[in-house]
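Quick notes on the structure that follows.
Throughout, a chain's letter reflects where its sequence line sits, starting with A, and its residues are numbered from 1.
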Amino acid sequence: MSIDIKLPDGSIRNYDSPVTGYQIAESIGPRLLKDAICIEINNTFKDLSFSITENNTVRIVTNKDLDALHILRHSSAHILAQAVLNIYPDAQFGVGPSIENGFYYDFLFSNPIKESDLLNIELEMKKISKSSQSFIRSEISKKEAIKLFKNQNLKKELIESAETGEGVGNESVSLYTNNKFVDLCMGPHLPNTGLLKHFKLTKISGAYWRGDEANVQLQRIYGTSWFTKEDLNTYLTQQEEAEKRDHRKLGNELNLFTSSEELGSGNFLWKPKGAVLRDVIESYSKRAHLDNGYSLVNTPHIGKSVLWETSGHLEHYSENMYPPINHEENNETYYLKPMNCPFHILVYKSDLHSYKELPLRYFEFGSVYRYEKTGVLHGLLRLRGFTQDDAHIFCTKDQINDEVKTLLSFSVKLLGSYGLTEIEADLSTKPKKYIGSDSDWDNATSSLKQSLTELGVPYQIADGEGAFYGPKIDLHAKDAIGRRWQLSTIQIDFAQPDNFNIEFVNSDNKKEKPVMIHRALLGSVERFTAVLLEHYAGNLPGWLSPNQVDVLTIGNVEKYTDKIIRDLKGFRVTLDDRNIRLGEKIHNSEKSKTPIQIIVGEKDYENSTMAINIFDQDNNKDIEYKEGIKIVRKLLKEPEFNLNG
RNA sequence: GCCGGAGUAGCUCAGUGGCAGAGCAGCCGCCUUGUAAGCGGCAGGUCAGGGGUUCAAAUCCCCUCUCCGGCUCCA
C-alpha cells in the first residue's frame, strides 16, 4: 500500500503508508527538515509527527512562515507553564494561548508573584529550552484526565465543562507531554522545546478566570517570542518607539495638558499650548461642517431627570452616568449629560418641521461626562469628561442612503485632512436584543454596507455588535506605526424619535417620524488629539503645531525681527532674542518640536536674507527675504477641505 | 470595580531605618554669542495625604487619593 502526497507546488510524492511530516520534509531536503515546524493538511495544522494515512495535499510549515509564529508562541506558553510549575509546584495553571506578538499563561499562585520573579521564570524557561524536550501528543479518556489533573482544579474544570477547545473533546482529551510536564492541548506544537530561543517575559497582570468578572482572578504572565534574535529586537525596539510616542509623555514634555490629584481622575487641564492645538483642531472641523450643510447648535452640560427617563439613558446607561444632582428645596433632580442627543432632540422639537427642511443636521462640540470605572481610564484616550464632535441628523427613511454615503465620505476626507489616511471600517449588525422592525434594520444595514462598498472603504462585519436601537459603522485609522485607532462612529437610531415623539410634516400633510443618525467623526477632541500626537510622535504638521515658527536671533536685529513677525501675522510665532548662543536656542526650539526655525543675524539684515530650518529637512541658509516668507507661509498652510474634490 | 506595580523640587530621577540629593528648568551675575545645551552663584521639599511600629521612618505596616500595566467594561 502506498499514498500520494501532493505538495503546494503541485508535485506529487509517493510514500509507504503511513507517512509523517518529518518523513516528508526529510525526503525533500535536510534544510527543510531543519526549518520545519508543523504541517498543514485539510486546512488544519498538525504536528510533524502526525501520521498521514491517505492521499492528501500537505504543506510543510517552516519557521519563515507566519503561521509558524503562532505555533512557536503557543509552545512558548507551554514552556512558561512548565517553568512556573517547576519553581512553584503548588501553582494552579489555567489557559495559555498565543496572542499577537506573543503569548500568555494564567496561573493561580498561593502567594502572588511579582514582576521581579519573571527573571527567575525566564531562566527556568531557558533551561527547558536548552534540554530540547520533545512535545509528544497523546489522547486519554476524560475520566483518566480528571485523575491525572487531580490537583489542578482549573484544568479539571476545563475538562468537566466539556466545551471543545483547549484539548477537550467529547469523550477523550488531547494532551501534550514534554519531559514530565503535561498540559491539555489540541496542538500542534513545535517539534521540541529547543526551538524556543528568542523570547522575553514582558509583564504580569490580573485576569479573570474564563474572562468572567464573577470568577476568581488569576495572575497572567505575558511574554513575546520569535524565531530570530533580530525579530525579537525589532519588536522590542518598536515597543520603545511606541513608548516615546505616548501622548501622556508628549503632553507633559510639550506643555499641552496636565492632570491633578485635586482635580480627580478622568479629567485633564489644557494648558495654553494644548488649548491652541485643540482650538485649531476644532476650528478646522467646525468650518468643514458649516460649509457642508450642518447648523451649529449649543447645549448645556446638565438636564433634568425627566429628559434622561424619556431618552432611556437612566434605564440603559445609568451605570455610566454621574450620580444625580439633587436640588432639594425645589425638589428637582439633574444629571450631567453622558450624551448630547436628548438636547439636540429638544432643539428639533422647539420648531415644527416640514419634509422640505430635511435632512436637518445639528452640530456641536458637546462635552459629555461618563462615570468610567477607575481602572479603564487612560490619559486622553479614555476619560470621564470629554468633548464629542457630535452631530445628529434628522432625515426621512428614504434619505438614509444618501446621508450615510455623504457622511462616510465626509469623515474619510476630514480624517485625511489631519493626516490619517488609512481608514478601515467595522459594520455592526443587529444584536439579539433590539427594537424596531426587521425591515428597518435590513434597509439601514444595507444602506451602510452599500455606502462602504461604493466609497471603497475596506470593512469587516461585527455580527450582532450593533446598539439595540440601530446598526452602526465605526471607522478606524491606522497610524504611522501601524496601530489601529477607533475614531468615527455613525449610528442609525430608530428609538429616540419614538421616545421623544418627534415628527415632521410630510408632503401629504401628515405627521411622520424622522430617523436619527448619530455621528461623531473625530470621536472625542481629547482622544483625537492624543491619536494625532502619537501618530506624529509629537512632530505635528505646521498648521496644527501650537507654536509654528521660532525666530532665533544672532546679535541685535530687532528691526529685522519686527518685520518678520509683522509679515507672518496670523501665524503663531515666537521670538527668541535672548543673549545666548545660537546652539542653545536651536536646542530649545527642537525640544519644543516647533516645525520651523527662522534664524537671522546682522549679515541677514544687511543682505535681506534668512536661514530656515524645517523639521525633518536639510537646513537652508541665505534665503532671500520674500522667498523665505513665502516658503514659511506655504509650509504652514492648512489643508483645503473639499468634499467633492 | 478587580489583580499587580508606583508616587521624593516645576520636569527627569538617585536615595532600603540614622543630616533631604543630582541634572535640567527658574532667579541673579559674567560671557556678545552664526546651526542640538557657555561659565559661576542663589533659590527651590507636607518625600502624595492620614494613621501606626520604632530611640529614630522617604525607607517597615494599615487606610485614602493619584498614576502606570493588564483583566472586566465601552447601551
Item to check | Pairwise side-chain contact, A/Asn499 with A/Ile345, heavy-atom cut-off 4.5 Å (strictly under) | outcome: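 Result no, sub-4.5 Å side-chain heavy-atom pair not found.
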
Item to check | Note, A/Arg220 side chain near A/Ile204 side chain (heavy atom, < 4.5 Å) | outcome: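 Side-chain contact under 4.5 Å: no.
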
Item to check | Paired nucleotide for B/C71 [Watson-Crick or G-U wobble; both distances under 3.5 Å] | outcome: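 B/C71 is paired with B/G1.
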
Checklist entry - Is there a Watson-Crick or G-U wobble partner for B/C13 with both distances under 3.5 Å, and which nucleotide is it? => result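 Answer to the pairing question: B/G21, which forms a Watson-Crick or G-U pair with B/C13.
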
Using a heavy-atom cut-off of under 4.0 Å over every strand shown, decide if [X] touches base, sugar-phosphate, or nothing.
X: A/Tyr469; answer: base
X: A/Arg370; answer: nothing
X: A/Gly211; answer: sugar-phosphate
X: A/His313; answer: base
X: A/Phe468; answer: sugar-phosphate
X: A/Lys373; answer: base

Rounded to whole angstrom units, what separation is found between the [atom1] atom of [X] and the [atom2] atom of [N]?
X: A/Asn255; N: B/C24; atom1: CG; atom2: P; value: 19 Å
X: A/Leu377; N: B/C71; atom1: CG; atom2: P; value: 15 Å
X: A/Ile204; N: B/G69; atom1: CD1; atom2: C1'; value: 11 Å

Checklist entry - Would you call the rings of A/Trp441 and A/Tyr434 parallel, tilted or perpendicular, where under 30° means parallel and over 60° means perpendicular? => result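 Ring orientation of A/Trp441 relative to A/Tyr434: perpendicular.
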
Checklist outcome for this item: B/S/- along nucleotides 28-37 of chain B (protein heavy atoms under 4.0 Å) is ---BBBBBBB

Item to check | Summary of protein contacts for nucleotides 59-65 of chain B, nucleotide by nucleotide, where a base hit scores B, a sugar-phosphate-only hit scores S (4.0 Å, heavy atoms) | outcome: ------B

Item to check | Residues A/Asn547, A/Asp550; criterion side-chain hydrogen bond (donor to acceptor under 3.5 Å, both in side chains); working and verdict | outcome: CA-CA 8 Å; A/Asn547 182 44; A/Asp550 277 329; 2.9 Å; yes

Exercise answer: donor-acceptor pairs, residues 609-619 of chain A side-chain atoms, under 3.5 Å, sequence neighbours excluded:
| from | atom 1 | to | atom 2 | distance (Å) |
| --- | --- | --- | --- | --- |
| A/Thr609 | OG1 | A/Asp604 | OD1 | 2.7 |
| A/Asn613 | ND2 | A/Gln597 | OE1 | 2.8 |

Next on the checklist: Please determine whether a side-chain nitrogen or oxygen atom of A/Asn252 lies at a distance below 4.0 Å from atom OP1 or OP2 of B/U12.
Outcome noted: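 For B/U12, OP1/OP2 do have a side-chain N/O of A/Asn252 under 4.0 Å.
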
Next on the checklist: Given B/G69, B/C71, B/C3, identify the nucleotide with an atom nearest to the side chain of A/Gln217.
Outcome noted: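 Out of B/G69, B/C71, B/C3, the nucleotide with an atom closest to A/Gln217's side chain is B/C3.
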
Item to check | Nearest to side-chain heavy atoms of A/Gln219, which nucleotide of B/U72, B/C11, B/C3 | outcome: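 Nearest nucleotide to the side chain: B/C3.
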
Would you mind writing out the side-chain donor-acceptor pairs for residues 249-262 of chain A within the sub-3.5 Å range, not counting sequence neighbours?
| from | atom 1 | to | atom 2 | distance (Å) |
| --- | --- | --- | --- | --- |
| A/Asn255 | OD1 | A/Lys271 | NZ | 2.7 |
| A/Ser260 | OG | A/Glu262 | N | 3.0 |
| A/Ser260 | OG | A/Leu263 | N | 3.4 |

Checklist entry - Side-chain donor-acceptor pair under 3.5 Å between A/Asp183 and A/Tyr105, yes or no? => result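 Judged by distance alone, the side chains do pair up.
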
Next on the checklist: Short of 4.0 Å, heavy atom to strand atom, which residues of residues 107-117 of chain A count as contacting RNA chain B?
Outcome noted: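 Within this stretch, A/Pro112, A/Lys114 sit under 4.0 Å of the strand.
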
N/O donor-acceptor pairs under 3.5 Å from side chains in residues 383-394 of chain A, not counting sequence neighbours:
| from | atom 1 | to | atom 2 | distance (Å) |
| --- | --- | --- | --- | --- |
| A/Arg384 | NE | A/Glu372 | O | 2.9 |
| A/Arg384 | NH2 | A/Glu372 | O | 2.7 |
| A/Thr387 | OG1 | A/Arg278 | NH2 | 3.1 |
| A/Thr387 | OG1 | A/Ser367 | OG | 3.0 |
| A/Thr387 | OG1 | A/Glu526 | OE2 | 3.1 |
| A/Gln388 | OE1 | A/Asn340 | ND2 | 3.2 |
| A/Asp389 | OD1 | A/Leu521 | N | 3.2 |
| A/Asp389 | OD1 | A/Leu522 | N | 3.2 |
| A/Asp389 | OD1 | A/Gly523 | N | 3.1 |
| A/Asp389 | OD2 | A/Leu521 | N | 3.1 |
| A/Asp389 | OD2 | A/Leu522 | N | 2.7 |
| A/Asp390 | OD2 | A/Asn340 | ND2 | 2.8 |
| A/His392 | ND1 | A/His344 | ND1 | 2.8 |
| A/His392 | NE2 | A/His518 | ND1 | 3.1 |

